[in-house]
Amino acid sequence: MPPQNRACVSGLSSMNIQEEIQSAIQRAVTELYQQTVTEVPLQPTKKEFEGTYTFVTFPLTKALRQAPAQIGQAIGTWLVDHTTVVSGFNVVQGFLNISVADAAWLDVLRDMAGNPAFGTLSQPDGASVMVEFSSPNTNKPLHLGHLRNNFLGDSVSRILAANGYRVTKTCIVNDRGVHICKSMLAYRMFGTDASGQPETPASSGMKGDHLIGKYYVLFDKAYKAQVEEMVAAGTPKEEAEKTAPLMQEVQQMLRLWEQGDPETVALWRQLNSWVYTGFDETYRNIGVSFDKTYYESNTYLLGKEIVEEGLAKGVFYRKDDSSVWIDLTDEGLDQKLVLRSDGTSVYMTQDLGTTDMKYTDFGTDRQIWVVGNEQDYHFKVLFAILRRLGRPYANGLYHLSYGMVDLPTGKMKSREGTVVDGDDLIAETTEAAATAADEAAKGKLDEFSDTEKADLFRMLGLGALKYYLLKVDPQKRMQFNPAESVDLHGNTGPYIQYVHARIRSVLRKAASEGISVNLADLTVEAAGQLDPIEQQLIFLLSQYPQRVQEAGTDYAPSYIAQYAYELAKTFNQFYDKLSILKESDTTKLKNRLILSALLAETICKAMGLLGIEVPEKM
RNA sequence: GGUCCCGUAGCUCAGUUGGAUAGAGCAUCUGCCUUCUAAGCAGACGGUCUUUGGUUCGAAUCCAAACGGGAUCACCA
């Protein structure tokens with residue numbers, strides 16, 4: 001991806017400590033050494049040293065012809081003498097650790113707290129992006145792997161929106177094809193009870209997607225039995241798999257569907273509509289929605305005219321059997337089929353057409369696909385083709401690839417029935433959260449009504465699950481441990497949710513005691529000393545816009561998860577070390593309240609970027 | 001076999017553009033609630049960053065090779 005504009009980061013305030021120190025260091029070097037430095041990277045000072053920002057002087061030793069420590073000493077002294085921001089420094093070898101004046105911290109706090117849009121960035125050109133995710137098949141319910149996909153896509157969409165992009169969320173439903181016909185056929189065969197009544201979601205009490213999933217499994221069973229029988233009778237396995245009567249029937253059904261046979265189409269519509277009702281319920285449960293849903297039954301014929309175009313442009317070539325190919329060997333890829341010899345489409349043909357269509361519909365500068373890493377190769381080829389066809393959007397395409405989710409027992413395998421169902425998992429997670437939370441609450445929830453409790457437990461269960469799946473780098477294959485996923489302690493969603501509730505509780509108490517929390521009360525000058533933990537909190541908060549921006553450029557919800565945890569953890573340390581409401585110095589007290597309020601708000605925003613709600617009480 | 005991804009504490013994972021003695025959580029052990037929510041905090045224990053070379057003031061990070069795990073290389077999607 002092209003690097004984004006770094007300049008949009010600092011829209012937060014007139015007073016940006018980091019930038020101020022950076023430019024001051026540049027001036028220091030110019031004045032002290034008559035040299036210019038263009039890059040002034042600062043890093044957070046390690047915990048065991050005093051200071052907030054660290055400037056590494058090793059790289060300057062050659063140009064300035066001085067020892068690293070000497071340079072640090074000189075620059076540090078200069079900063080203290082010539083700026084109001086830097087209050088002190090210490091030098092350890094090539095590391096210049098810089099401490100910031102309390103007045104500067106409080107200034108920053110005031111700017112952040114006074115800006116309701118803090119952390120919402122803007123793109124000067126009003127850039128737009130489309131995120132495609134979820135994209136389920138209509139022959140089975142969503143499972144754990146789909147949840148990772150959905151949470152990623154949803155979160156990335158929110159992060160990009162916070163970065164100032166116009167975001168369009170799309171979903172392409174795979175609602176046709178052989179696999180759909182399998183469910184349809186099985187339903188026609190087994191879906192009627194002894195008295196001739198067809199099974200429906202209502203009659204069975206099953207969610208529509210689960211009901212259809214059941215028939216998909218039934219087909220597979222019957223088909224396998226048939227193949228085994230044929231093999232036992234002497235037919236070679238491969239031949240049996242192709243010629244089994246059930247498979248023939250499925251193929252015939254697909255042909256009928258493609259011809260628009262009314263009866264087949266009616267059955268298809270009926271079953272799919274049940275599945276959609278089921279999916280809608282799941283999406284509502286997990287808080288995921290789309291701006292536009294595409295159906296493959298409408299798009300599967302697209303792309304053929306692009307094949308013609310490619311042939312005319314000489315990008316594709318036709319073989320003797322009249323199949324059409326592209327040769328990408330000079331890019332380290334292979335030769336790839338784009339149209340079958342019988343003139344019908346393959347996956348690639350369709351994707352070429354759909355990508356064009358999405359661009360025609362929305363004209364977004366970028367398109368992102370959240371799709372598992374087993375399709376890495378497919379997307380490399382797709383993007384390469386679109387580049388060669390000279391599509392104007394070709395450089396804005398990105399495959400957000402993610403790894404599989406394994407179980408402690410190993411891979412999820414649908415054939416072995418080890419797949420973790422999404423709905424079941426959410427129900428179990430909520431249940432586990434309820435049990436654990438009820439116990440941990442120790443009476444705190446006594447005044448909650450049943451619906452309030454249910455709402456909280458749902459929030460905690462879902463928060464635990466989303467956080468668990470999002471805190472890991474998408475690219476990495478990850479292990480799903482059911483016990484860990486519902487944990488309320490440590491680096492978890494509920495831990496962060498708890499901190500939010502904790503802060504809100506303090507703020508409520510302050511209000512009930514008649515302590516006002518107006519920004520105007522924030523005293524910058526006579527504030528006295530800030531505790532290092534308070535400085536650390538303000539520093540962390542000031543990093544928020546930058547983290548949002550980095551998460552946007554890297555499509556990385558995990559950055560936000562990590563950040564939210566740091567905020568929560570640091571607040572707990574602050575909360576343990578210093579009293580807020582019992583502070584006798586009212587200036588300090590009000591400053592702490594403002595700091596706490598901003599912290600709650602920022603935790604809420606950050607968790608919101610992960611699609612996680614935070615409670616007022618827990 | 002070709003290509004791509006991954007390899008960090010017993011387990012699950014962080015580790016920003018190469019920087020200080022590599023960090024969290026879980027698990028195990030030890031302290032801290034008459035005081036704002038203890039669903040918390042503090043501490044202890046735990047490492048040849050898979051291995052070997054290279055690049056340089058400096059490498060978990062960059063390069064190369066090996067080893068281990070995974071994916072993919074269909075006229076499937």
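Worth saying up front: this structure is predicted, and the values here are computed from it rather than measured. Reckoned from all heavy atoms, side chains included, excluding hydrogens, waters and symmetry mates.
- When rounded to the nearest whole Å, the span between CG of A:Leu333 and C1' of B:U72 equals 12 Å.
- Protein atom CG of A:Asn572 is 13 Å distant from nucleotide atom C1' of B:C36, rounded to whole Å.
- Checked for salt-bridge contact, A:Glu132 and A:Lys358 meet the test: a charged N lies under 4.0 Å from a carboxylate O.
- Between A:Asn491 and B:A24, a side-chain N or O to OP1/OP2 separation shorter than 4.0 Å is absent.
- Of the candidate nucleotides B:U37, B:A20, B:A38, B:U37 has the atom lying nearest to any side-chain atom of A:Val506.
- Straight-line distance from the CG atom of A:Leu540 to the P atom of B:A24: 14 Å, rounded to whole Å.
- Within residues 462-472 of chain A, the residues having any heavy atom closer than 4.0 Å to RNA chain B are, in order of number, A:Val472.
- Taking only side-chain nitrogens and oxygens, A:Lys47 never comes nearer than 4.0 Å to OP1 or OP2 of B:U21.
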**OP:** Quick one: do A:Lys617 and A:Glu447 satisfy salt bridge (Lys or Arg N to Asp or Glu O under 4.0 Å)? Show the steps, please.
**Re:** CA-CA 11 Å; A:Lys617 280 187 198 177; A:Glu447 62 201 56; 2.6 Å; yes
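- Two rings, from A:Trp268 and A:Tyr295, have their centers 6.0 Å or more apart.
- For A:His489, a side-chain nitrogen or oxygen approaches OP1 or OP2 of B:G40 to under 4.0 Å.
- Taking atom CD on A:Glu374 and atom P on B:A74, their separation rounds to 16 Å, with Å as the unit.
- Across B:A39, B:A14, B:U16, the shortest atom-to-atom separation from the side chain of A:Lys476 is found for B:A14.
- When each of B:C4, B:A38, B:A20 is scored by its nearest atom to the side-chain atoms of A:Phe49, the top-ranked nucleotide is B:A20.
- When the P atom is used for both B:A60 and B:A9, the distance is 15 Å, rounded to whole Å.
- Just one residue in the list A:Leu121, A:Asn16, A:Asn163 forms a side-chain contact (heavy atoms from CB on, under 4.5 Å) with A:Pro545, and that residue is A:Leu121.
- Judged by atom type and distance alone, A:Lys444 reaches the base of B:U37 through a side-chain donor-acceptor pair under 3.5 Å.
- Ranking B:A77, B:G19, B:C41 by closeness to the A:Tyr347 side chain, first place goes to B:A77.
- In this structure, A:Pro59 reaches the bases: a heavy-atom distance under 4.0 Å links it to at least one base atom across the strands shown.
- Closest heavy-atom contact between A:Asn90 and A:Glu50: ND2-O, 2.9 Å.
- Residue A:Gln475 places at least one side-chain N or O under 4.0 Å from the OP1 or OP2 atom of B:C6.
- The interatomic distance linking A:Leu578 (CG) with B:A42 (C1') rounds to 15 Å, in whole Å.
- In this pair, A:Tyr575 does not lay its aromatic ring on the base of B:G40; centres under 5.5 Å and planes under 30 degrees do not both hold.
- Side chain of A:Gln562, nearest nucleotide from B:U37, B:A14, B:G19: B:A14.
- Between the C1' atoms of B:U55 and B:C63, the separation comes to 7 Å (whole Å).
- For A:Phe574 and A:Phe571, the distance between ring centers is under 6.0 angstrom.
- Distance check on atom P: B:G7 versus B:U51 gives 13 Å, rounded to whole Å.
- For A:Lys46, counting side-chain heavy atoms from C-beta on, the closest listed nucleotide (B:A38, B:A22, B:U72) is B:A22.
- Taking the P atom of each, B:G40 and B:G25 are spaced 11 Å apart, rounded to whole Å.
- For A:Tyr467 and A:Tyr565, the gap between ring centers reaches or exceeds 6.0 Å.
- In this structure, the CZ atom of A:Phe379 is 19 Å from the P atom of B:C4, given to the nearest Å.
- Across B:A59 and B:U16, the matching C1' atoms stand 16 Å from one another, rounded to whole Å.
- In the set B:U35, B:A38, B:U17, the nucleotide with an atom closest to the side chain of A:Tyr498 is B:A38.
- Within 3.5 Å, a donor on the side chain of A:Asn97 pairs with an acceptor on the base of B:A20, or the reverse.
- Shown here for A:Ser596 and A:Ile503, the closest heavy-atom pair between the two residues is O-CG2, 3.2 Å.
- When distances run from any side-chain atom of A:Asn174 to the nucleotides B:A77, B:A14, B:U17, the shortest one goes to B:A77.
- Listed pair A:Gln573 / B:A42 meets the phosphate criterion, a side-chain N or O lying under 4.0 Å from OP1 or OP2.
- Stem regions for RNA chain B, each three or more consecutive Watson-Crick or G-U pairs with both distances under 3.5 Å and listed by first number, read B:1-7 with B:67-73, B:10-13 with B:23-26, B:28-32 with B:40-44, B:50-54 with B:62-66.
- Between A:Phe95 and A:Phe58, the distance from one ring center to the other falls under 6.0 angstrom.
- One atom, CD1 of A:Ile71, and another, C1' of B:C57, lie 12 Å apart when rounded to the nearest Å.
- Residue A:Glu296 is classed as a sugar-phosphate contact, given heavy-atom separations below 4.0 Å to backbone atoms only.
- Using a 4.0 Å cut-off between charged nitrogen and carboxylate oxygen, A:Lys380 and A:Glu331 do not count as a salt-bridge pair.
- Residue A:Arg340 places at least one side-chain N or O closer than 4.0 Å to OP1 or OP2 of B:C76.
- The phosphate of B:U12 has OP1 or OP2 within less than 4.0 Å of a side-chain N or O from A:Gln479.
- Listed candidates were B:C36, B:G15, B:C57. Nearest to the side chain of A:Lys62 is B:C57.
- For the pair A:Met412 CE and B:A71 P, the computed distance is 13 Å after rounding to whole Å.
- Distances shown here put every side-chain N or O of A:Lys569 at or beyond 4.0 Å from the OP1 or OP2 atom of B:G23.
- Between the base of B:A14 and the side chain of A:Ser558 there is no donor-acceptor pair shorter than 3.5 Å.
- For A:Gln335, the CD atom counts as densely surrounded, since its 6.0 Å shell holds more than 12 non-hydrogen atoms of other residues, nucleotides or ligands.
- Residue side chain A:Phe58 meets the stacking definition with respect to B:G19: its ring centre sits within less than 5.5 angstrom of the base's six-membered ring centre, and the planes differ by less than 30 degrees.
- Taking the P atoms as reference points, B:G15 lies 13 Å from B:G19, given to the whole Å.
- Comparing the P positions of B:G46 and B:G23 gives an interatomic distance of 15 Å, to the nearest angstrom.
- Note on A:Ala437: a base of the nucleic acid sits closer than 4.0 angstrom, heavy atoms only.
- Checking B:U72, B:A39, B:U37 against the side-chain heavy atoms of A:Tyr377 singles out B:U72 as nearest.
- Just one of A:Lys336, A:Glu308, A:Arg318, A:Arg340 meets the side-chain contact (heavy atoms from CB on, under 4.5 Å) condition when paired with A:Val324; it is A:Arg318.
- Smallest separation of non-hydrogen atoms from A:Ser99 and A:Gly51: OG-CA, 3.5 Å.
- Nearer to the 5' terminus of RNA chain B, by closest-nucleotide assignment, is the contact made by A:Lys442 (compared with the other of A:Lys442 and A:Asn373).
- Going from the P atom of B:G53 to that of B:U61 covers 14 Å, rounded to whole Å.
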